[in-house]
Novice: 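Handing you this structure, nothing more for now.
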Amino acid sequence: MKIAVIGSNMVDLISYIDRMPNPGETIEAPDFSLGCGGKGANQAVAAAKCGADVMMLTKVGSDLFGKNTIENLNNFGIDTSCCEMVDGMSSGVAPIFVDKNSQNSILIIKGANKELKPCDIDKAADKLKECKLIVLQLEISLETVYYAIAFGKKHGISVLLNPAPADPNLDLDKIKDCEFFVPNESELATLTKMPVDNDEQVLEAANFLIKAGIKNVIVTMGSRGSMLVNAQGVTKVPCFKVKAIDTTGAGDAFIGSFSDSYVKTLDIVHSMKVGSAFAALSVTKRGTQKSYPEPSEVQAFLEANS
Ligand code: RIB
């Protein structure tokens with residue numbers, strides 16, 4: 001059961017800070033970590049770590065980061081035969097600041113990710129047609145995202161869209177054919193322009209998307225767990241309580257692990273639980289992909305917390 005991730009890669013430059021400097025001020029930060037990231041690559045790595053057969057469509061720059069990014073994906077057993085290096089462009093990079101409360105603030109510079117075009121989907125069509133699920137985020141052009149959704153519909157492949165980072169220009173009409181739409185609360189608010197301050201409001205906003213045609217909306221709500229809304233009703237999955245050190249990439253961890261479990265079981269609620277466990281373990285360590293747990297750790301964690 002193959003999963004295709006069509007999306008971004010970034011090099012994460014993570015500074016662990018006591019506070020942000022004021023304009024014109026220089027302050028020392030206690031720690032720094034360099035790692036592979038990008039929402040697409042993170043989701044691909046999370047799924048592959050869970051045991052999925054993953055292929056990735058992404059573009060890297062012809063700088064010192066590009067080769068390393070593809071090597072990193074290869075090391076996780078991800079099929080990179082449709083990944084390309086763009087001559088003369090820099091790779092995507094993400095300066096990230098993690099504060100003392102383990103919360104992150106992220107800047108992204110897309111670089112070569114901007115060059116992933118609809119024609120790249122056509123080039124990879126034969127391989128993509130072997131996939132059961134296409135996973136998308138919004139760190140590549142919207143044109144490519146819409147094309148991938150239409151490709152999925154045409155070839156009977158389910159599509160999961162994680163609308164991150166939030167884009168107010170996302171066209172609801174062009175995403176309504178997604179099987180899964182997986183925003184966090186603020187992304188849900190941006191798209192629906194509705195309040196999401198409590199569970200009732202989240203449900204109302206998610207139902208707005210269901211009425212527009214999306215089959216399943218899964219809202220990730222951090223420490224408040226996740227909520228599945230579809231034509232059958234609403235199901236809340238609580239989150240696992242852990243001591244968070246660094247929440248960077250936790251949403252991607254959930255999506256990658258959920259995708260692996262879903263293509264294997266077709267059980268949405270069970271897959272949300274597995275995704276929550278994988279994401280919970282990831283926030284107990286520093287870094288993005290570096291923090292993703294081994295399947296045996298997830299299994300033991302689920303057994304201990306069921
Ligand atoms: O979701 C976390 C990711 O967002 C980071 O890895 C960073 O690269 C940005 O894409």
Side-chain angles (χ1 to χ4, degrees), residues 5-17 32-49 54 56-61 63 65-66 68-70 72-73 76 78 83 90-99 102-116 135-142 144-145 160-167 182-188 190 218-222 226 244-259 275-276 278-293:
V5 178
I6 302 177
S8 62
N9 68 87
M10 305 274 167
V11 172
D12 287 352
L13 311 156
I14 310 182
S15 299
Y16 295 92
I17 60 170
F32 173 80
S33 159
L34 179 73
C36 290
K39 297 183 194 302
N42 294 346
Q43 293 171 18
V45 165
K49 278 204 92 163
V54 184
M56 183 154 190
L57 237 73
T58 196
K59 295 228 171 164
V60 299
D63 51 17
F65 296 138
N68 182 60
T69 293
I70 293 186
N72 176 63
L73 294 171
F76 285 105
I78 294 166
C83 298
S90 35
S91 294
V93 291
I96 300 176
F97 305 92
V98 178
D99 68 17
S102 76
Q103 286 307 318
N104 58 66
S105 309
I106 305 178
L107 278 168
I108 55 163
I109 299 99
K110 289 183 181 171
N113 288 297
K114 283 196 270 195
E115 296 302 307
L116 193 64
V135 179
L136 301 162
Q137 321 73 32
L138 299 182
E139 288 180 332
I140 55 171
S141 79
L142 281 182
T144 308
V145 169
L160 181 157
L161 173 61
N162 167 224
D167 187 336
V182 191
N184 64 20
E185 299 122 296
S186 68
E187 290 150 3
L188 180 65
T190 302
I218 299 174
V219 189
T220 55
M221 303 185 292
S226 52
I245 304 285
D246 180 353
T247 57
T248 315
D252 303 328
F254 175 90
I255 287 166
S257 171
F258 169 87
S259 299
S276 294
F278 191 90
L281 285 168
S282 81
V283 306
T284 63
K285 290 189 195 137
R286 280 185 167 185
T288 37
Q289 295 173 22
K290 281 189 215 167
S291 70
Y292 292 171

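Counting convention: from 1, in listed order, for ligands and their atoms alike.
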Novice: Heavy atoms only: which of E139, Q137, M10, Q43 lies closest to atom 10 (O) of ligand 1?
Specialist: E139
Novice: Regarding ligand 1, does D12 bring an N or O atom to under 3.5 Å of one of the ligand's N or O atoms?
Specialist: yes
Novice: Give the atom numbers and elements of ligand 1 that come within less than 4.0 Å of a heavy atom of G37.
Specialist: 6 (O), 8 (O)
Novice: Side chains of L73 and M56: closer than 4.5 Å at any heavy-atom pair?
Specialist: yes
Novice: What is the closest protein heavy atom to atom 4 (O) of ligand 1, and at what distance does it sit?
Specialist: K39 NZ, 3.0 Å
Novice: Looking only at heavy atoms, which two atoms of S91 and G61 are closest? And how far apart?
Specialist: OG-N, 3.0 Å
Novice: Provide the number and element of each atom of ligand 1 under 4.0 Å from a heavy atom of G249.
Specialist: 2 (C)
Novice: If I compare all heavy atoms of Y292 with all of G249, which pair ends up nearest, and what's the gap?
Specialist: OH-O, 2.8 Å
Novice: Could you list the atoms of ligand 1 found under 4.0 angstrom from a heavy atom of T288?
Specialist: 6 (O)
Novice: With a 4.5 Å limit on heavy-atom distance, are the side chains of L160 and S259 in contact?
Specialist: yes
Novice: If I apply the N/O under 3.5 Å rule, does D252 come out as touching ligand 1?
Specialist: yes
Novice: Going by the atom numbers of ligand 1, which of them fall below 4.0 Å from some non-hydrogen atom of A94?
Specialist: 7 (C), 8 (O)
Novice: Nearest to atom 3 (C) of ligand 1, what protein heavy atom do you find, and at what distance?
Specialist: N42 ND2, 3.7 Å
Novice: Could you check whether any side-chain N or O of S226 sits under 3.5 Å from a backbone N or O of T220, counting only pairs where one atom can act as donor and the other as acceptor?
Specialist: no
Novice: For the 3.5 Å polar cut-off, considering only N or O atoms, please tell me whether I96 and ligand 1 meet it.
Specialist: no
Novice: Is the side chain of T247 donor-acceptor paired with the backbone N or O of A250 at a distance under 3.5 Å, no angle test?
Specialist: no
Novice: Does G251 have a non-hydrogen atom less than 4.0 Å from ligand 1?
Specialist: no
Novice: Do Y16 side-chain atoms and D246 backbone N/O form a donor-acceptor pair below 3.5 Å?
Specialist: no
Novice: I'd like to know if the side chain of D252 pairs up with that of Q137 as donor and acceptor (distance under 3.5 Å, no hydrogens or angles considered).
Specialist: no
